[in-house]
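Note sheet for the following structure.
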Protein chains: 2
Amino acid sequence: MSTAVVSYTLNGRSGVSATTRERVLRVADELGWRPATAARSLRSGPAAAALVVVHDQPFGTRAAFPLDLVTGALQTLGPDTLTLAVHVAESPAGAAQLMDRWWTERRYAAFVVTGVRVDDARLAALRTLPAPAVVVGAVVDGAPATWQHVVLDDGDAFAQLGAFLAELGHRRIAMVAGSEHHVAPVRRSAALAAALVPFGIELRTVAGDGPERAAAALRPLLSASDRPTAIVTDDDATAGLVLDVARRLGLGVPWDLSVVAGTDSPACYLTTPSLTAVPYPVEELGRATGRALRAALSTAASRRAVGVDPTEGEAPPSGTVPVGRLVVRGSTAPPAGG
Amino acid sequence: MSTAVVSYTLNGRSGVSATTRERVLRVADELGWRPATAARSLRSGPAAAALVVVHDQPFGTRAAFPLDLVTGALQTLGPDTLTLAVHVAESPAGAAQLMDRWWTERRYAAFVVTGVRVDDARLAALRTLPAPAVVVGAVVDGAPATWQHVVLDDGDAFAQLGAFLAELGHRRIAMVAGSEHHVAPVRRSAALAAALVPFGIELRTVAGDGPERAAAALRPLLSASDRPTAIVTDDDATAGLVLDVARRLGLGVPWDLSVVAGTDSPACYLTTPSLTAVPYPVEELGRATGRALRAALSTAASRRAVGVDPTEGEAPPSGTVPVGRLVVRGSTAPPAGG
DNA sequence: TTGAAAGCGCTACCAG
DNA sequence: CTGGTAGCGCTTTCAA
């Protein structure tokens, strides 16, 4: 039997008789044979994508985000088409360098980027490469045609939250913003501010990136006479911190102060009271990422076939993942005076 | 110029004149040329190792553990020798299957295993393969010679902790144990129990895997008249939960109850009071893992050169990573009556 | 429907 | 010190 027959069979191509096919599959199974990745990639190009995580923030439970994201992505990818590997870099520049290198080494066919920063070195690097890419959590203006975007529908999420708080009767609302160097937190506080405008409420925003800054901002905010009756944070860990600061100041949650975590997580129901939170469907985001990865790869493939510069043209509209309904728990109530 | 010269130059082998070498390097740099991974692996075997994470526990901040571990490992690996990729599986069996598959596909040269379970399917699978492996957080009896082990020095850590609590005057000490299906938590509670024996103290242990079970166990434990004066948990999240339950029962920490987190993390200094904790030097563990990976690979290589069955013989003694000194914060004090 | 053979890009051996 | 070349294991084209 020739190698060609085996190759045809294992790649499910026509031109092999049923008997031969069966025999090949049986023998391959008996011998535990699998094609060598290296040889296959040498011919057909890499069948793997990489997510290079910038791992520089020990704070917060969202550190597991990439793992959850990949879990979701695998559900829409299947192990046979494409594998998704996670790598770690200590800075955006380091991640950019790795991707550049691995692209020229033809190690990966595509890249996934999360936790996008303002002026992100990774995006700049990817632009110079003709690499298919999926950007999670941000929409980049003027992105190449082989990029895909996957974002959460924060607009809807914070509109829901704004209406919820306004209808409870809150008029003085503050947000402890997340990192101003990241795109998503910036967009999220803007979304909440916009959602409150129809109710005639002006959102107060304080910087809250990291526990120290958040604590420093919260103390005066909650001690003032015109203190807010509701506080929204960008993430779960900071919401826990708000609970703590409020307790120290003798403020009862939710009676004297309502608290909302901008990002739901298992930690949000371990606190007392449990935290009302904006849902954060990471696995769903992952599934969308898997689909986007496929789309990016096939766009690149077809453009290459036609002979068009993959960089040219505009990226397709982004895939927006619905967030679902606000998770109301014990940390929110009508304001004391209202 | 011939391809051989280029290959020699880029792999830093002797036999190339300085002028030629420089010229090759310069041109390669100008062209941005890098050797294709696939071609190189086809000749020389894979230059990558994989850590397959079993990602099935949303609870706790230790979910970021694999990322921290890899960060540490990269520091002792360097990007040129060996890359370390993280993959995700939803169960030990799934992880086992992936490793088996990727080994036969010759995709990875070695594997790293963490979060070892009792009767772990991954270890069973790795035994059937002649794959070099690093087991983090557990020592496996009768492991193949190409395995390496990296563990934290829990014995020392819990001896310190036991002495600390006993010397504060605590006599009734309880531990909220972690998962009984995992090797490390089981070993850790045993270590604490052993450390208390010399002081004539018998450790009370309650099951605490997951927040629901921990909460269910804590309520009666802390309500009883002979309630413990000090509680040790296996992880940081559960320690936070203890703080919460104590507060609800009207127990002042640290006056009425001392609390110690068995695993330090950034979350431990965000609570009120901040949590005394057993250090958990994950990055250091990662660096040790990097070294172990190299050792495993070179053992396998030399055995292959000599023609010995790599499975035969015993694994070398495990690399034990020191944990450092107990981190004393605000949640521990002498017991009220003492 | 099957077999033979080229070639992907690299490393390492062997002659010059 | 340098150049030619075999061959890693696969996919795919072309002939039989």
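Below, chain A is the first sequence line, B the second, and so on; all start at residue 1. Only heavy atoms go into these numbers, but all of them, side chains included; no hydrogens, no water, no symmetry mates.
The CZ atom of Arg34(A) sits 11 Å away from the P atom of dC10(D) (whole-angstrom rounding). dG7(C) atom C1' lies 16 Å from atom CZ of Arg43(B), rounded to whole Å. Taking atom CG of residue Leu42(A) and atom P of nucleotide dA6(C), one finds them 17 Å apart after rounding to whole Å.
A salt bridge between Asp80(B) and Arg101(A) is present, with a side-chain N of the basic residue lying under 4.0 Å from a carboxylate O of the acidic one.
Minimum atom distance to the side chain of Val5(B) is reached by dG3(D), of the listed dG3(D), dC10(D), dG3(C). Side-chain proximity of Arg40(B) to dT11(C), dT2(D), dC10(D): nearest is dT11(C). Residue Tyr8(B) places its side chain closer to dA12(C) than to any other of dT11(C), dC10(C), dA12(C).
In this structure, Tyr108(B) and Trp102(B) have perpendicular ring planes: the angle between them is above 60°, well past the 30° mark.
The side chain of Ser17(A) contributes an N or O atom lying less than 4.0 Å from OP1 or OP2 of dT2(C). For dT2(D), one of the phosphate oxygens OP1 or OP2 lies less than 4.0 angstrom from a side-chain nitrogen or oxygen of Thr20(B).
When atom types are taken as modelled, the side chain of His149(A) and the backbone of Val134(A) share no donor-acceptor pair closer than 3.5 angstrom. Of the possible polar contacts, none joining the Arg287(A) side chain to the Leu69(A) backbone as a donor-acceptor pair under 3.5 Å is found.
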Trace of the ring pair (Phe, Tyr, Trp, His ring centres under 6.0 Å) decision for Phe111(B) with His87(B): CA-CA 11 Å; Phe111(B) 295 102; His87(B) 289 271; 9.3 Å; no
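Residue-level contact check: Ala4(B) touches the bases, meaning some heavy atom is under 4.0 Å from a base atom. At the heavy-atom level, Ser7(A) lies under 4.0 Å from base atoms of the strands shown. Within the nucleic acid shown, Arg21(A) has no heavy atom closer than 4.0 Å to any nucleic acid atom. The residue Val6(B) sits apart from the nucleic acid: no heavy atom pair falls under 4.0 Å.
Once rounded to the nearest 0.5 Å, the distance linking CG of Asp120(A) with NE2 of His181(A) reads 12.5 Å.
Direction of the helix axis in the helix from dT1(C)-dA16(D) to dG16(C)-dC1(D) shifts by 50° between the two five-pair termini, rounded to 10°.
Side chains of Arg107(A) and Ser41(A): no donor on one and acceptor on the other come within 3.5 Å.
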